[in-house]
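Here the structure is laid out as structure tokens; the discussion comes afterwards.
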Amino acid sequence: MNRIPFIRVFTAVLGFSTLSIITPAQAQSSCQCNWYGQGYWPVCENQASGWGYENGQSCIGENTCNSQGQYSPGGVECDGTGSSSSSSSSSSSSSSSSSSSSSSSSSSSSSSSSSSSSSSGSSGGSSLVVELESLSSQSSFSPFSVQSDGAASGGQYIVWPNNGSNQINSNASDGTSGQVAVSFSLSQQSNVVVSVRANLGSGDDDSFHYKMDNGNWSTQNNTQTNGWGNLQVTTFTNLSAGNHTFRIQRREDGAQLDRVTLTAANGSISSGNNSSSSSSSSSSSSSSSSSSSSSSSSSSSSSSGGGANSVTVRMSGVVGDESVSLEIGGQTIQTWTLSTSMMDYSVNTNSTGELRVAFTNDEGDRDVQVDYVIVNGVVYEAEDQQDNTGAYDGSCGGGSFSEMLHCNGSIGFGDPFNGSSSSSSSSSSSSSSSSSSSSSSSSSGGRQFPPFFVGNITTNGSVRSDFIQYWDQITPENEGKWGSVESSRDNYNWGPLDAIYNYARSNGIPVKAHTMVWGSQRPNWIDGLSASEQRAEIEEWISDYCERYPDTQMIDVVNEALSSHAPANYAQNAFGSDWITESFRLTRQYCPNAILIYNDYNFMTWDTDGIMDLIRPAVNSGYVDAVGVQAHSLYDPRVWSAQEIQDKLDLISTLGVPIYVSEYDIEATNDQTQLEYMQMHFPVFYNHPNVVGITLWGYVVGSTWRNGTGLIQSNGQQRPAMQWLMNYLGR
């Protein structure tokens, strides 16, 4: 049985995974379904106008395709010969006018003096990050005010302070005070995703208004965050090339707003005003006149001296008394004592030359994490630099391409004042991600999706000799879970995993690691640690795994994080509300070439919308390469039809990343029932154009997680469902 004749091409560009399926029929229609915002999906052979894709059973209709704009960039799009009026999102929040190429009030002339952007060129996408406190000089800013918080990006945020009464600006209007304007420019027509980092303590009375260009005002309301969190506000579809302005206006007092991230699906996005200084903030509350200032009691640290070059280092310590120096041209320019919060440390200087961030008092549990350096508005990611003498790789000074300084040493950033960097990448360092870990995107780093597979798991902790006869991918059932590997702190049991990896290598099949961060089957000792210790142990677990198995092709990074499932509360305690994104970021740091997956159950059935809403910020961060949709319980407590599962896969595809069908089993002791269910759903999985692999959850009767799910007897005799499957696959 051959798969349907699609050509699968996967590329990761700044958080947008593009699936291009090339068929001759593409040229036959002027309007087609732009499912992810990049690249048409092919026309359907059984429908002349051709919307969406054909899976052997159905063809996506025009209305269904168009509706996807409310979930992610997508919808009906035309090639220039037909009308594209139907391509706007059906969501009322995306009602901006895409025909406006220049719209701004006088207050928007200064978009941001603390903004940074990353771009991959005209064919990819890029992001612009703007610290809202940097807009305080705009004439319409008051009664917003700038406040300090070490947990806020840049150490500051804006808020409409409470004056003792219940303040509310119910109806937004262009002339109302208390608004900020972010001007930006697009190199080509594109969908633009808007996210806001905010602290909304109450979903009932913490809210704000927003709009794009001359569009209508919309309201972000009834949203509550657990501390600082990233809100995906909306997607504006088909914004034209040229200048645009995004505005935020106060609605109720108490909404703390930190920064805005604008992500273009196509081309490049840049600040509408690049002439201003790149200082970290326009407010005056963060500077310090001392040459060595502690940031434990302030939101950021800056030198008061003048200079032509602006340098900001974003970093944090594990203990909170780590000493870090900025060295330029071999001279120490500034020394800071770090806090445990990720914060910005800034200085203005006339010095030029090689730039290094040096850690000088390593002892005990002290460690430093350097996120990035901004030099005159250009962002240089620490993990992109190959010169790191403080990383630990079995010994001090043995690492590179790492954010961490575990030992006394430094990260070298080359000579950014002359445009050079220590990164071995051929791309410009200005193409690095522009924000902190919660909103930055990592480059593809050479990652490749394995060829489509139908795999399985280990049997009773080992690999049967007949495994390769049936399957072309392997997942450890329990051997790779943290609780199995490190049940006793700092004592690893790698033996079972070593055997699995050796088997996979010798047979040329990919391994999927399962799983890094999960609330179940975790080591019990992690729960009793402090937050800083938990952070360190999570990172150590991930880094040690990746060091031992650097050729891991796929990783279930976070498993079952929905609150009603099995979330890793220890990770949330360690990292805060962005714990899912941070878990992925750490895994990307240490396993840069692996496909990183979010995995969950009931994804295709009861909890689809809830899971999608939960993980959308992490997906938008660019660190999530794919989602794993567990396929247990498709038949109990009710049977989900093939069409229902097809529709759910279509909906999940709107996240914009490929799908792995994971943990598929059929709990039926009756052979005929198991066969009928296999024939019902497996072709849907196999033929869906966004499914890139299928992993069944056990195959030997009596040795599977659930009774009745085995496909062969221990002596090798196949049940009818297995006979049908092997015939279907041609194995």
Side-chain angles (χ1 to χ4, degrees), residues 1-3 8 10 447-481 496-516 545-546 549-557 559 587 591 593-600 603 625-632 649 657-666 678 681-700 703-705 709-712 721-722 725-731:
M1 176 69 183
N2 295 324
R3 286 183 48 81
R8 294 171 178 266
F10 294 93
R447 296 188 307 281
Q448 294 182 343
F449 280 77
F452 186 94
F453 57 77
V454 178
N456 217 302
I457 62 173
T458 52
T459 303
N460 297 328
S462 61
V463 186
R464 280 174 56 105
S465 60
D466 61 3
F467 186 94
I468 199 66
Q469 177 182 342
Y470 307 119
W471 319 110
D472 56 1
Q473 177 270 332
I474 189 168
T475 299
E477 181 178 17
N478 291 304
E479 300 85 347
K481 294 167 182 173
L497 277 179
D498 286 347
I500 294 167
Y501 274 87
N502 289 337
Y503 181 89
R505 290 162 183 156
S506 63
N507 287 280
I509 61 175
V511 178
K512 183 175 75 170
H514 179 77
T515 174
M516 293 292 109
Y545 191 104
C546 293
Y549 308 113
D551 55 345
T552 302
Q553 290 92 338
M554 298 160 287
I555 302 175
D556 286 337
V557 177
N559 199 47
T587 310
C591 270
N593 298 320
I595 302 301
L596 305 187
I597 304 167
Y598 175 84
N599 192 57
D600 214 328
F603 210 150
D625 299 315
V627 292
V629 293
Q630 295 181 26
H632 302 296
L649 290 175
V657 293
I659 297 171
Y660 286 105
V661 175
S662 61
E663 308 187 29
Y664 179 44
D665 56 20
I666 302 171
M678 176 73 78
H681 284 151
F682 191 86
V684 176
F685 303 150
Y686 191 80
N687 290 323
H688 194 284
N690 199 37
V691 172
V692 294
I694 304 169
T695 302
L696 285 81
W697 208 248
Y699 68 105
V700 181
S703 299
T704 58
W705 180 44
T709 59
L711 294 168
I712 69 170
M722 183 66 162
L725 178 62
M726 292 297 104
N727 182 63
Y728 187 87
L729 297 174
R731 298 181 180 176

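All values below were derived from every heavy atom in this structure, side-chain atoms included, with hydrogens, water molecules and symmetry-related copies excluded. All residue numbers refer to positions in the sequence shown, counting from 1. As the structure is a computational prediction, the values presented were derived from the model and not from experiment.
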Would you please name every residue forming a ring pair (Phe, Tyr, Trp, His ring centres under 6.0 Å) with Y545, sequence neighbours left out?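 With neighbours one apart ignored, the set is W541, Y549.
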
Could you pull out all residues at least two apart from F682 that satisfy ring pair (Phe, Tyr, Trp, His ring centres under 6.0 Å)?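 F682 satisfies ring pair (Phe, Tyr, Trp, His ring centres under 6.0 Å) with Y686, Y728 once adjacent residues are dropped.
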
Kindly give the heavy-atom pair with the smallest separation between [X] and [Y], and that separation in Å.
X	Y	result
N690	P658	OD1-CA, 3.4 Å
W471	G455	CE3-O, 3.9 Å
A626	F449	CB-CE2, 4.4 Å

Measure the spacing between [atom1] of [X] and [atom2] of [Y] and express it to the nearest 0.5 Å.
X	Y	atom1	atom2	value
D556	Q630	CG	CD	8.0 Å
I555	C591	CD1	SG	4.0 Å
F452	Q473	CZ	CD	11.0 Å
M554	F453	CE	CZ	4.0 Å
I712	M722	CD1	CE	5.5 Å
H514	S662	NE2	OG	8.0 Å

Should N599 and E663 be marked as a side chain to side chain contact (heavy atoms under 4.5 Å, CB included) after you check the CA-CA gap, both sets of side-chain angles, and the distance that decides it? CA-CA 10 Å; N599 192 57; E663 308 187 29; 3.0 Å; yes

Can you find a pair of side-chain heavy atoms, one from D551 and one from Y501, that are under 4.5 Å apart?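 In contact.
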
Evaluate the side-chain proximity of I595 to P450: yes if any heavy-atom separation is below 4.5 Å, no if none is.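 The answer is yes; the side chains approach within 4.5 Å.
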
Please assess V511 against Q553 for the test side chain to side chain contact (heavy atoms under 4.5 Å, CB included), listing each intermediate value before the final yes or no. CA-CA 6 Å; V511 178; Q553 290 92 338; 4.2 Å; yes

Just to verify, what does [X] make a side chain to side chain donor-acceptor pair (under 3.5 Å) with, not counting sequence neighbours?
X	value
T458	E479
N456	none
T709	T704

Decide side chain to side chain contact (heavy atoms under 4.5 Å, CB included) for T695 and Y664; before the verdict, give the C-alpha distance in whole Å, the side-chain angles of both, and the deciding distance to 0.1 Å. CA-CA 6 Å; T695 302; Y664 179 44; over 6 Å; no

Of L725, D466, I457, the residue whose pairing with Y699 passes side chain to side chain contact (heavy atoms under 4.5 Å, CB included):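 It is D466, the one option of L725, D466, I457 that forms the side chain to side chain contact (heavy atoms under 4.5 Å, CB included) with Y699.
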
Out of I597, D625, V627, L596, which one pairs with V657 under the side chain to side chain contact (heavy atoms under 4.5 Å, CB included) rule?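 Of the listed residues I597, D625, V627, L596, the side chain to side chain contact (heavy atoms under 4.5 Å, CB included) partner of V657 is V627.
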
Non-neighbouring partners of N507 that pass side-chain contact (heavy atoms from CB on, under 4.5 Å), sequence neighbours left out: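 Counting only residues at least two positions away or on another chain, N507 forms a side-chain contact (heavy atoms from CB on, under 4.5 Å) with I468, Y503.
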
Set out, in order, the CA-CA distance, both residues' side-chain angles and the distance that settles side chain to side chain contact (heavy atoms under 4.5 Å, CB included) for V454 and Y470, then state yes or no. CA-CA 9 Å; V454 178; Y470 307 119; over 6 Å; no

